[in-house]
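A short worksheet on the structure shown next.
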Amino acid sequence: MKYWLAKSEPDVYGWDDMVKEKEATWDGVRNYGARNNLMAMEMHDKVLIYHSNIGKEVVGIAEVSKEHFPDPSDHTGKWASVKFKPLRKLKKPVPLSFIKTVPELKDMVLVNNTRLSVQPVLEEEFEKIVALSEE
DNA sequence: GCCAACGTTGGC
DNA sequence: GCCAACGTTGGC
């Protein structure tokens with residue numbers, strides 16, 4: 001079981017849109033690092049969904065419901081896409097500004113490489129964020 | 001709206 | 001293969 005974090009701008013496609021559609025196709029990723037992460041995902045891996053720009057917070061947990069396949073929005077055949085199924089919304093969103101103050105989370109890619117839109121998360125980090133969302 | 005950080009492109 | 005120029009992302 002692996003853990004990930006995926007970013008999305010909520011005014012383009014956010015948590016609520018995922019829930020409405022029951023399953024989200026994560027396409028349009030045009031960054032090699034992010035693509036490599038998409039391709040490393042396996043069924044049922046857990047994914048934190050993060051809202052960038054508006055909110056700047058982790059809002060929910062999803063799981064991988066379809067492993068990588070060619071990105072339908074791409075015609076070069078270079079890019080990959082996956083599908084996520086929303087599992088549950090966090091009781092309380094966990095904002096980036098707060099994550100930055102938590103010593104256990106200071107090494108998260110989210111904090112150190114703000115521009116990577118699909119990134120790995122350690123199990124401890126994942127658990128910590130879930131715990132923080134329930135305080 | 002600005003700007004820093006980073007990734008990608010293209011000239012050499 | 002290096003590096004400058006440029007474009008994009010995303011926090012503030």
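All chains are named by letter (A, B, ...) in the order of the sequence lines, taking the proteins before the strands, and each is independently numbered beginning at 1. No experiment lies behind these values; they were computed from the predicted model shown.
- As judged by a 4.0 angstrom heavy-atom cut-off over every strand, K56(A) is placed among the base-contacting residues.
- Put simply, CD on E9(A) is 12 Å from C1' on dG11(C), counting in whole angstrom units.
- Residues that satisfy the salt bridge (Lys or Arg N to Asp or Glu O under 4.0 Å) test with K7(A), not counting sequence neighbours, are absent from this structure.
- Pairs of residues two or more places apart, or lying in two chains, that qualify as ring-ring contact (aromatic ring centres under 6.0 Å, His included) and include a residue from residues 102-135 of chain A are Y3(A)-F126(A).
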- Query: What is the per-nucleotide protein-contact pattern of nucleotides 3-10 of chain B, from the 5' end, where B denotes a base atom under 4.0 Å from a protein heavy atom, S denotes such proximity for sugar-phosphate atoms only, and - denotes neither?
  - Reply: --BBSS--

- Task: Any chance you could lay out the salt bridge (Lys or Arg N to Asp or Glu O under 4.0 Å) test for E63(A) and K46(A), step after step, and finish with the verdict?
- Result: CA-CA 5 Å; E63(A) 76 171 5; K46(A) 299 290 184 288; 3.7 Å; yes

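- When each of R35(A), K83(A), R30(A) is tested with D71(A) by the rule salt bridge (charged side-chain N to carboxylate O under 4.0 Å, His left out), just one qualifies, namely R30(A).
- Ring orientation note: the planes of Y32(A) and W79(A) are tilted relative to one another, at an angle of 30° to 60°.
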